[in-house]
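Below: the structure, in structure tokens.
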2 protein chains.
Amino acid sequence: MTQVPKTIPAEKSEDARQIRGERTRQALLEAAFDEIHQHGYRAASLNDILKTAGCTKGSLYHHFPDKHALGLAAIVDNIDRFMEANWLTPLAKADNPIDTLLTILQRHVNGEILSDVRRGCPMQNLSQEMSGLDEDFRTYLNGVHVEWRTAIADALRTGQENGQVRKDISAEAAATMIIATHQGTIGLIKTAQCTEVGNLSFEAFYQYLNSLRTTDNSTRGPKEGLAS
Amino acid sequence: MTQVPKTIPAEKSEDARQIRGERTRQALLEAAFDEIHQHGYRAASLNDILKTAGCTKGSLYHHFPDKHALGLAAIVDNIDRFMEANWLTPLAKADNPIDTLLTILQRHVNGEILSDVRRGCPMQNLSQEMSGLDEDFRTYLNGVHVEWRTAIADALRTGQENGQVRKDISAEAAATMIIATHQGTIGLIKTAQCTEVGNLSFEAFYQYLNSLRTTDNSTRGPKEGLAS
DNA sequence: CTCCACAAACCGACCGGTTGGTCTAATATC
DNA sequence: GATATTAGACCAACCGGTCGGTTTGTGGAG
């Protein structure tokens with residue numbers, strides 16, 4: 001179930017048909033992701049997706065068995081890349097996990113990461129909408145959470161070994177709370193439709209993160225002040 | 001727009017018609033809230049609401065102009081009461097804000113407050129779904145957030161004046177982050193469909209909240225340990 | 001090189017079902 | 001009889017999904 005067709009051309013075939021097909025497939029995935037990001041999965045209209053993708057029902061159902069598969073493929077494709085680029089890789093090669101976390105958060109507040117913070121985080125939107133409804137979506141999204149949490153916890157543990165992070169805290173618990181606070185803050189921003197609450201929340205969040213440093217590793221952020 | 005009909009019988013009229021009418025109105029509100037809590041606003045089916053409320057379209061559209069008004073009335077009615085009982089009142093009459101916050105959070109983790117944590121917090125579900133879609137819902141929900149934040153910030157400020165809470169933190173920022181973390185944690189639980197992540201996140205959250213105490217006011221929670 | 005058989009890709013009318021909402025008639029209570 | 005309330009058939013719009021038919025590109029045969 002929930003087979004995500006991959007259709008990768010296998011051998012290096014010069015078949016132009018496959019190239020064209022792959023292009024519309026990508027267009028569909030992209031359009032689907034946009035629609036879902038904007039209206040949620042259930043309210044995402046296939047007809048609208050087709051309109052922006054510039055193709056028709058026939059094409060869609062040639063490439064995907066149903067809406068569910070299309071949606072899942074679009075989501076997985078996009079979120080995996082996002083998580084890898086913005087969280088997993090930076091954390092894995094972090095010199096100091098606290099600094100790295102602060103930097104990432106900073107970029108979220110600045111709107112450098114999410115195209116429009118007020119539209120919320122795609123993953124969070126999906127999690128909220130689908131977790132109680134569709135087990136395939138839920139399983140995937142929960143898996144992302146686990147990966148995410150593990151990456152942060154690992155980085156914190158390394159920091160503990162290197163003497164950068166206090167040893168009297170549970171890396172697992174801290175990582176979980178960091179994710180929760182991050183997601184919660186983005187949620188607040190979305191409801192407020194303005195980033196001021198984000199700054200407020202992150203101001204306290206920065207303090208918390210800095211409090212995780214060992215004392216001989218005095219507090220600072222990637223940019224000093226952010227408080228109003 | 002978005003008139004929330006209130007229809008409260010006004011004077012003490014013995015008019016049995018109004019009593020009967022009020023009863024179906026309440027049944028509709030209750031059924032609507034359940035449906036919306038379960039499936040979200042957009043996916044909430046009027047026919048299903050009518051089924052559980054035990055009445056028909058005619059009744060519904062006699063009492064409410066449209067789905068929007070019904071939904072909003074159901075939400076406002078329910079959430080206002082919830083916030084008042086579980087957050088605003090306890091915080092207003094708190095001896096020590098930190099203790100009060102810890103107690104409330106404890107009761108969330110224990111599942112004493114939300115009927116089924118895995119179904120999420122009704123307000124959060126609504127915020128996520130509707131903030132980007134309907135300005136009436138968004139405005140109301142954001143107002144609740146503001147009230148909520150203000151209540152926590154006020155309590156923290158009082159605690160600062162009483163020497164229970166550190167004076168070197170911004171009450172506003174801390175209050176905002178507390179809400180974010182709380183909401184974020186519930187979101188994690190919903191996606192994980194199990195409360196373990198909740199315990200993990202709250203473990204770190206407790207530490208953070210205790211760190212807000214003044215030093216001569218040593219750390220403790222309403223119940224001591226919760227960490228695994 | 002031309003031509004053709006074949007299949008992948010695409011098209012869009014159409015399907016049954018569901019949605020929120022309307023309307024008229026019937027009913028209950030004064 | 002007047003009025004508030006309820007009943008449920010009905011509507012247009014839209015939904016995801018199906019299906020018969022057309023286009024397009026290619027590899028092999030002559």
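Order of the sequence lines fixes the chain letters, A, B, ..., with proteins taken first and strands second; residue numbering starts at 1 for each chain.
The side chain of B:H62 lies closest to D:dA4 when the candidates are D:dA4, C:dG21, D:dA7. Comparing C:dC11, D:dC15, C:dG20 against the side chain of B:S45 picks out C:dG20 as the nearest. Set against D:dT6, D:dG16, C:dT19, the side chain of A:Y61 has D:dG16 as its closest nucleotide.
As rounded to whole Å, 17 Å separates atom C1' of D:dC15 from atom NE2 of A:H68. With rounding to whole Å, A:H39 atom NE2 is found 14 Å from D:dC14 atom P. Separating the CG atom of B:L46 from the C1' atom of C:dT22 is a distance of 13 Å, rounded to the nearest angstrom. Put simply, CZ on A:R23 is 10 Å from P on C:dC10, counting in whole angstrom units. Taking atom CG of B:L70 as the reference point, atom P of C:dT19 lies 15 Å away to the nearest angstrom. Rounding to whole angstrom units, NE2 of residue B:H63 and P of C:dG21 are separated by 17 Å. For the pair A:K57 NZ and D:dC15 P, the computed distance is 9 Å after rounding to whole Å. Regarding A:L28, its CG atom lies at a distance of 10 Å from the P atom of C:dC11, rounded to whole Å.
Look at B:N47 and you won't find any side-chain N or O under 4.0 angstrom from OP1 or OP2 of C:dT18. Regarding contacts with the backbone of C:dA9, every side-chain N or O of A:T24 stays at 4.0 angstrom or more from both OP1 and OP2. Dashed line: the shortest gap from a side-chain N or O of A:T56 to OP1 or OP2 of C:dC10 is not under 4.0 Å.
Side-chain contact check for B:S131 and A:T191: at least one donor-acceptor pair (N or O, by modelled atom type) lies under 3.5 Å.
At a threshold of 4.0 Å, the pair B:R81-B:D77 counts as salt-bridged, since one of the basic side-chain nitrogens sits closer than that to a carboxylate oxygen.
Within a 6.0 Å sphere centred on CD of B:E135, heavy atoms belonging to other residues, nucleotides or ligands number more than 12. Applying the 6.0 Å contact sphere to CD of A:Q193 captures more than 12 heavy atoms from other residues, nucleotides or ligands.
Residues A:D48 and A:G58 both approach DNA chain D. Their nearest nucleotides, taken by heavy-atom distance, put A:D48 toward the 5′ side.
Geometric assessment of B:K67 against the ring of B:Y61 yields a negative cation-pi assignment under the 6.0 Å and 45° thresholds.
Counting any heavy atom pair closer than 4.0 Å across all strands shown, B:A44 reaches sugar-phosphate atoms only and no base atom. Residue contacts for A:K67: at a heavy-atom cut-off of 4.0 Å it reaches the sugar-phosphate backbone alone, with no base atom in range.
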